[in-house]
Protein chains: 4
Amino acid sequence: MPHNTSHTPLTNEAAPKRSRRKEARPGELLEAALDLFVEKGFAATRVDDVAARAGVSKGTLFLYFPSKEELFKAVVRENIVGRFTEWNNALESFVGNTSEVLTYCYQVWWERIGATKASGITKLMFSEAQNFPEIAQFYQQEVILPCRALIRRILQRGMERGEFRQMDLEYGTYIVLAPMMFLMLWNNSMGPCSLPDEVFTPEQYIRTQIDNILHGLCVRPAAGATPPPSQNP
Amino acid sequence: MPHNTSHTPLTNEAAPKRSRRKEARPGELLEAALDLFVEKGFAATRVDDVAARAGVSKGTLFLYFPSKEELFKAVVRENIVGRFTEWNNALESFVGNTSEVLTYCYQVWWERIGATKASGITKLMFSEAQNFPEIAQFYQQEVILPCRALIRRILQRGMERGEFRQMDLEYGTYIVLAPMMFLMLWNNSMGPCSLPDEVFTPEQYIRTQIDNILHGLCVRPAAGATPPPSQNP
Amino acid sequence: MPHNTSHTPLTNEAAPKRSRRKEARPGELLEAALDLFVEKGFAATRVDDVAARAGVSKGTLFLYFPSKEELFKAVVRENIVGRFTEWNNALESFVGNTSEVLTYCYQVWWERIGATKASGITKLMFSEAQNFPEIAQFYQQEVILPCRALIRRILQRGMERGEFRQMDLEYGTYIVLAPMMFLMLWNNSMGPCSLPDEVFTPEQYIRTQIDNILHGLCVRPAAGATPPPSQNP
Amino acid sequence: MPHNTSHTPLTNEAAPKRSRRKEARPGELLEAALDLFVEKGFAATRVDDVAARAGVSKGTLFLYFPSKEELFKAVVRENIVGRFTEWNNALESFVGNTSEVLTYCYQVWWERIGATKASGITKLMFSEAQNFPEIAQFYQQEVILPCRALIRRILQRGMERGEFRQMDLEYGTYIVLAPMMFLMLWNNSMGPCSLPDEVFTPEQYIRTQIDNILHGLCVRPAAGATPPPSQNP
DNA sequence: TATGAATGAGAGTTCATTCAT
DNA sequence: GATGAATGAACTCTCATTCAT
């Protein structure tokens with residue numbers, strides 16, 4: 001038995017075994033849980049691992065969350081609330097033409113959500129939606145719907161100002177939404193598994209997408225949107 | 001690995017349905033497994049359920065697949081191989097302007113992959129990529145890369161014929177890919193959990209996306225792609 | 001590693017690891033569970049121990065009983081059903097004066113219930129009644145009530161034939177019941193913990209009780225049942 | 001074993017209630033523990049619940065009792081000592097015929113023990129005897145034996161005075177004891193779970209039992225105690 | 001003295017895997 | 001080949017006990 005086990009440690013290496021930080025704990029646990037749920041999925045994540053990553057024992061986790069499922073719900077709630085409104089507010093005061101609004105929209109989204117760990121929640125929801133239908137609906141209600149509403153307002157502004165062409169607003173929202181979603185999903189699942197010589201820069205991806213959203217691929221947009229096919233099978 | 005030795009080679013598609021009940025077993029198991037893996041994820045799927053859905057006993061499953069993990073890999077392999085080449089071939093012989101090619105591309109993809117259960121494999125891969133990195137790489141190698149190569153050829157064709165504007169081809173592929181991917185992911189996860197009064201028609205979604213991919217939102221595509229922002233924060 | 005582990009055992013000592021006896025298992029488990037529940041109580045009994053005593057693994061127990069609580073209920077049900085009717089039937093055909101009926105009643109009860117492991121169920125019910133109120137009610141319905149009804153019939157017979165004195169039948173049943181119950185409870189709890197030089201013979205206990213039930217302590221039963229107390233505190 | 005040092009000796013009953021809040025703690029804990037142990041059994045009772053019912057924190061409980069098991073032992077000790085001597089003394093000075101003594105004995109027992117929470121200790125001991133053999137022996141030594149000794153003295157008095165018939169004193173004690181015990185056990189376990197339309201009055205139960213103990217069921221006690229059975233199976 | 005956050009061994013339960021039939 | 005009873009490692013969750021405050 002080393003003789004200094006009971007003394008004050010010489011270095012501040014060994015952290016105190018039992019630190020009492022009731023306020024900090026839930027947050028640390030939620031963060032750890034978000035990481036692991038995103039990485040491995042709900043079922044494949046062990047609560048021991050969540051606790052360990054948060055630096056506490058398994059028992060402590062259950063002190064704050066009555067079950068693994070409630071932990072999951074808390075993770076989703078925690079990471080949803082606030083994020084969207086933050087984004088929303090940043091856009092309210094913007095002045096300029098609607099193309100600029102849209103560009104700015106992407107930029108703010110990327111900074112505040114897309115590039116942060118919060119984007120993992122989207123991957124999580126897509127993975128677990130079927131196992132947690134109520135949470136999935138909650139997510140749609142609190143995130144997808146408001147997000148599409150915001151996009152819809154921007155598109156409408158563009159149409160009203162004669163900047164954007166007429167379109168079905170309902171489906172138009174997905175034009176803006178889909179590339180965002182895809183990027184978040186990609187970055188949180190297959191992206192990290194990319195082949196070694198692959199290079200992928202989210203900023204470049206975003207720039208390309210925005211450019212296309214605004215102008216499309218065609219040199220001249222003019223003549224009829226989708227011309228009838230010729231003689232193909 | 002007994003299961004590879006006992007069932008028909010992957011390239012010998014469309015084996016005769018008649019008589020040979022035994023030969024059909026692995027296929028039924030793979031189909032059942034695909035359904036359940038897509039729906040609940042790998043970890044949350046019980047092999048009992050897979051076997052039950054395939055109408056066999058749990059023991060029989062292990063006769064064909066040495067472990068749950070191997071079953072997973074087989075599911076991915078089975079649903080990847082062939083599907084893509086099928087799609088690829090359909091496009092090779094196409095004649096017409098490149099907008100039409102792209103439109104046709106979407107149409108074929110939707111018919112042969114997007115609208116079928118094969119789309120579930122995409123959701124599965126996104127959900128489980130981090131847990132099965134080798135499979136994720138395999139999927140990228142066998143699906144994502146060829147798919148993007150195909151799209152790249154189409155885009156290049158458009159550029160060469162003066163139909164499409166110049167662009168970075170590497171990121172340009174995602175313009176076409178992202179909306180497809182998003183649709184497959186959505187349909188296999190949150191889509192079915194949509195709020196009751198929500199209506200969502202994949203065909204309308206595709207039409208809107210293709211329209212935008214080709215022409216963008218802006219009325220006049222002309223001048224500078226992304227004009228500099230004015231005086232905003 | 002002993003060299004004959006993989007051979008046919010020379011003696012039939014080592015039982016086969018995995019014997020398939022679907023029919024026998026539940027019974028063996030119920031028996032083991034009864035023993036342990038009676039001995040240690042519901043909460044203090046571990047399912048591992050039940051399984052071990054039944055000679056199977058923990059997993060096997062859950063193959064037959066979905067939970068520890070259901071196992072408990074099954075134990076009670078199993079040991080209640082039939083026992084009482086058996087006893088009941090044995091008395092139906094009895095001929096003789098009612099004192100003899102009562103004596104015979106005690107004798108049959110002792111042989112078929114009191115002296116058997118079934119008596120443990122009474123101790124179990126008394127211990128766990130508050131934790132399993134539904135089962136306790138079930139037990140009262142199925143055991144206590146019929147038992148008292150049987151006793152009531154006997155008492156009534158005695159009264160009608162002028163053999164027994166008039167009494168309140170409702171409470172009269174407890175005259176017969178209480179000594180039986182006490183014996184079962186005693187034998188299954190404190191009895192085995194008796195002090196070393198203590199001797200206690202159930203048969204002698206029963207004989208003494210029956211004798212008192214029939215004749216009481218007093219030499220002459222005649223003069224007034226409970227005379228008023230004199231000048232005591 | 002800190003708890004013995006910090007609370008009042010067991011013989012110093014009825015400590016002054018005033019002022020000393022701290023001194024009252026162990027008593028409150030023991031009372032709460034008795035309630036819960038009786039109600040749920042030792043294993044199913046959580047120390048948190050005991051502490052909560054006593055209005056203190058879990059940590060405080062362990063300040064007075066080094067473990068749950070020691071708490072249990074203390075509960076038994078506390079509720080055994082004194083009660084019996086109290087009862088015993090009340091009977092010593094009694095004057096009258098022995099039937100009256102016995103009746104008075106039941107009355108005092110009921111008032112001081114049977115109808116009080118102290119009766120719960122009997123249920124507790126019967127439930128947990130096998131799990132705490134030493135305590136069970138202690139209980140027998142301190143309660144059962146003295147109790148039977150008291151009863152034996154009464155019976156002997158009756159026999160000596162020619163009031164009671166001759167009998168085996170050892171087993172005779174159970175004639176008086178069993179109905180008491182049964183009542184305490186019943187009231188603390190199945191009684192509260194009785195079917196709704198059931199009515200059960202302890203006082204009536206006691207009256208009936210005492211009447212029978214003294215006089216028996218038979219109209220004429222006269223001839224041979226248990227006549228030989230006739231021609232029955 | 002009193003607290004209650006923290007612990008971790010241990011409980012019930014699940015489920016991929018095995019194997020006698 | 002096919003079965004499903006049996007297994008046991010691994011999981012979630014509980015709770016008696018500890019200890020910094």
Subject >> Upstream residue (5' side of DNA chain F) when Pro66(A) and Leu61(C) are each assigned their closest nucleotide >> reply: Leu61(C)
Original post:
In terms of the nearest nucleotide of DNA chain E, which residue is placed more toward the 5' end: Ala44(B) or Gly55(D)?
Top reply: Gly55(D)
**OP:** Searching all strands shown, indicate the nucleotide that pairs with dA20(E) (Watson-Crick or G-U wobble; both distances under 3.5 Å).
**Re:** dT3(F)
**OP:** Report, as yes or no, whether the 6.0 Å neighbourhood of atom NZ on Lys40(A) holds more than 12 heavy atoms from other residues, nucleotides or ligands.
**Re:** no
Original post:
Between atom NZ in Lys68(C) and atom P in dT12(F), what is the gap in whole Å?
Top reply: 21 Å
Subject >> Whether Glu78(A) side chain and Leu30(A) backbone form a donor-acceptor pair below 3.5 Å >> reply: no
Subject >> Phosphate contact (dA5(F) OP1 or OP2) by Arg25(C) side-chain N/O below 4.0 Å >> reply: no
Original post:
Do the two ring centres, one from Phe72(C) and one from Phe132(C), sit under 6.0 Å apart?
Top reply: yes
Original post:
Reckon Thr60(B) has a side-chain N or O less than 4.0 Å from the OP1 or OP2 of dA2(F)?
Top reply: no
Subject >> Interatomic distance, Arg46(B) CZ vs dT17(E) P [rounded to whole Å] >> reply: 15 Å
**OP:** Quickly work out the Phe42(B) CZ to dC15(E) P distance and round it to whole Å.
**Re:** 13 Å
Subject >> Nucleotide dT7(E), atom P - distance to CG of Leu63(A) in whole Å >> reply: 9 Å
Original post:
Are the side chain of Gln130(A) and the backbone N or O of Asn188(B) linked by a donor-acceptor pair below 3.5 Å?
Top reply: yes
**OP:** May I ask you to say what Lys58(B) touches in the nucleic acid, namely base, sugar-phosphate or nothing, with a heavy-atom cut-off under 4.0 Å?
**Re:** base
**OP:** Can you tell me the distance, in whole Å, between the OH atom of Tyr64(A) and the P atom of dT7(E)?
**Re:** 9 Å
Original post:
Val47(A) near the nucleic acid: base, sugar-phosphate alone, or nothing, with a heavy-atom cut-off under 4.0 Å?
Top reply: sugar-phosphate
**OP:** Please state how far atom CZ in Phe62(B) lies from atom P in dA16(E), giving the value in whole angstrom units.
**Re:** 7 Å
Original post:
Rounded to the Å, how far apart are Glu69(A) CD and dT12(F) P?
Top reply: 12 Å
Subject >> Of the listed nucleotides dG4(E), dT7(F), dA5(E), the one nearest the side chain of Val56(C) >> reply: dT7(F)
Subject >> Nearest-nucleotide 5' precedence on DNA chain F, Ser67(A) against Gly59(C) >> reply: Gly59(C)
Subject >> Geometric cation-pi criterion, Lys68(B) with Phe42(B): 6.0 Å, 45° >> reply: yes
**OP:** Describe the nucleic acid contact of Asp48(A) in one word from base, sugar-phosphate, nothing, applying a heavy-atom distance below 4.0 Å.
**Re:** base
**OP:** May I have the distance from Glu70(A) (atom CD) to dC13(F) (atom C1'), rounded to whole angstrom?
**Re:** 14 Å
